[in-house]
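In what follows, a single structure is set out as structure tokens and then discussed.
Values reported hereafter were calculated over all heavy atoms of this structure, with side chains retained and with hydrogens, waters and symmetry mates removed.
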Amino acid sequence: MVEHSALSVTRQGYDAVAPTYAQLFRDSLSDSPLDRAILGVFAEAVRTGGDGGQVADLGCGPGHVTAHLDELGLSAFGVDTSSAMIELARQAYPRLRFDVGSMAALDIADGVLGGVLARWSIIHTPPRELPVILGEFHRVLAPGGHLLVGFSATEGLSHPTQVFDHTVAPAYRWWPDHLAAMLRESGLAEVARTVREPQPTDRRQFREVHLLARKARAGAA
């Protein structure tokens, strides 16, 4: 498989900033009760809505969210394209599994995961490349498994996708209904969504959205 240029740029960018990124975000959940609640709902959905199985935190960075999923009782492991991020995650959480990999070609068997978390990890994917990644999410999920995807929203339906000035690598915002439609086309039905309004102190005045989606069980309508 030929690696597209956006993935290479993203990997190089996060390799370069990995120590700084880990320092800035390792404790970010402690100040984010809404994010902890959303992850808690995801964990409960995985435990009760599917056939169990492991959970992959795709785009795991320095591993702090993977570790939080583990604390919530999930059998979680992390995957990231940045080898520097994975090395930091392994050092910080030696008990957990972390792998270098690409969301576009996951080294995970078909239908084995109870859940997939993609929290701000699709934002560096060019819109034309996203269907491949959503197809991978569907492929690795077990029937009844859940996906939680987090991203920044555009201002309205007239802007289904929009580039923004991310510090590390080119990034994209999505109109939630547009992304939800792409999930449906990939076989993942929306279950719920949350929208966080930007706060006055936020650097970027973007809405933050989480979509929870589910892979249908075999034979389901």
Side-chain angles (χ1 to χ4, degrees), residues 3-14 16-17 21 24-25 28-29 31-35 37-39 41-42 45 57-61 65 79-82 102-106 116-139 141 146-215:
E3 178 177 287
H4 60 76
S5 60
L7 179 60
S8 179
V9 169
T10 300
R11 174 186 295 115
Q12 293 169 13
Y14 279 101
V17 302
Y21 186 98
L24 287 173
F25 293 101
S28 60
L29 288 177
D31 298 323
S32 302
L34 180 59
D35 285 352
I38 292 166
L39 291 170
V41 169
F42 169 67
D57 178 10
L58 303 180
C60 66
V65 178
V79 178
D80 202 283
T81 188
S82 166
S102 166
M103 293 189 296
L106 293 166
V116 167
L117 176 66
R119 192 170 178 267
W120 275 266
S121 54
I122 66 165
I123 64 170
H124 299 296
T125 303
R128 68 182 180 277
E129 306 282 351
L130 190 58
V132 172
I133 287 174
L134 299 184
E136 279 291 272
F137 293 170
H138 180 272
R139 179 184 68 79
L141 278 170
H146 284 80
L147 164 71
L148 181 65
V149 57
F151 57 97
S152 296
T154 65
E155 288 83 3
L157 185 57
S158 60
H159 297 92
T161 62
Q162 196 169 38
V163 178
F164 70 93
D165 61 338
H166 194 278
T167 305
V168 177
Y172 302 85
R173 295 188 287 155
W174 296 83
W175 181 241
D177 289 347
H178 180 62
L179 187 53
M182 294 183 71
L183 289 172
R184 286 196 300 274
E185 291 170 3
S186 300
L188 298 163
E190 181 181 353
V191 174
R193 71 175 69 175
T194 63
V195 180
R196 176 188 177 273
E197 295 293 334
Q199 303 304 301
T201 56
D202 290 346
R203 176 173 169 244
R204 296 188 181 94
Q205 293 295 295
F206 302 157
R207 288 176 175 151
E208 295 181 350
V209 179
H210 282 86
L211 291 178
L212 180 66
R214 185 172 183 265
K215 180 176 176 177

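Considering every non-hydrogen atom in both H124 and T10, the closest pair reads CB-OG1, 3.5 Å. Nearest approach of I122 to W174, heavy atoms of both residues: CD1-NE1, 4.3 Å. Residue V209 comes nearest to A153 through the heavy atom pair CG2-CB, 3.8 Å, listed as atom of the first residue, atom of the second, then distance. Residues F137 and M103 share a closest heavy-atom pair of CZ-SD, 4.0 Å. The two residues L212 and A45 come nearest to each other via the heavy atoms CD2-CB, 4.4 Å. Closest approach of P176 and F151 over heavy atoms only: CA-CZ, 4.0 Å.
Shown here are the ring pair (Phe, Tyr, Trp, His ring centres under 6.0 Å) partners of Y172, two or more places apart in sequence or in another chain: there are none. Residues passing the ring pair (Phe, Tyr, Trp, His ring centres under 6.0 Å) test with H210 are W120, sequence neighbours excluded. The side-chain hydrogen bond (donor to acceptor under 3.5 Å, both in side chains) check on S82 picks up D15, with sequence neighbours excluded. Every residue meeting the side-chain hydrogen bond (donor to acceptor under 3.5 Å, both in side chains) condition with R139, not counting sequence neighbours, appears here in chain and number order: D110, E136. The side-chain hydrogen bond (donor to acceptor under 3.5 Å, both in side chains) test applied to R196 returns D202, not counting sequence neighbours.
Side-chain atoms of D35 and R119, non-hydrogen and from C-beta on, do get closer than 4.5 Å to each other.
If you take CZ on R207 and OG on S152, they are separated by 12.0 Å, rounding to the nearest 0.5 Å. R173 CZ to I123 CD1: the interatomic distance, rounded to the nearest 0.5 Å, is 11.5 Å. Taking CD of Q12 as the start and CG of L7 as the end, the distance is 9.5 Å to the nearest 0.5 Å.
Counting only distance, with no hydrogens or angles, the side chain of Q199 and the backbone of E197 share a donor-acceptor pair below 3.5 Å. The closest donor-acceptor contact from the side chain of D80 to the backbone of C60 lies under 3.5 Å.
Only one option out of L147, L39, L58 pairs with L117 in a side chain to side chain contact (heavy atoms under 4.5 Å, CB included); it is L39.
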With side-chain contact (heavy atoms from CB on, under 4.5 Å) as the test, would you mind laying out the steps for T154 and H178 before giving the verdict?
CA-CA 10 Å; T154 65; H178 180 62; over 6 Å; no
Any chance you could lay out the side-chain contact (heavy atoms from CB on, under 4.5 Å) test for T161 and L130, step after step, and finish with the verdict?
CA-CA 11 Å; T161 62; L130 190 58; over 6 Å; no
Side chains of residues 181-193: which donor-acceptor pairs under 3.5 Å do they make with residues two or more places apart or in other chains?
from : atom 1 : to   : atom 2 : distance (Å)
S186 : OG     : M182 : O      : 3.1
E190 : OE1    : R193 : NH2    : 3.0
E190 : OE2    : R193 : NE     : 2.7
E190 : OE2    : R193 : NH2    : 3.4
R193 : NH1    : D177 : OD1    : 2.9
R193 : NH2    : D177 : OD1    : 3.0

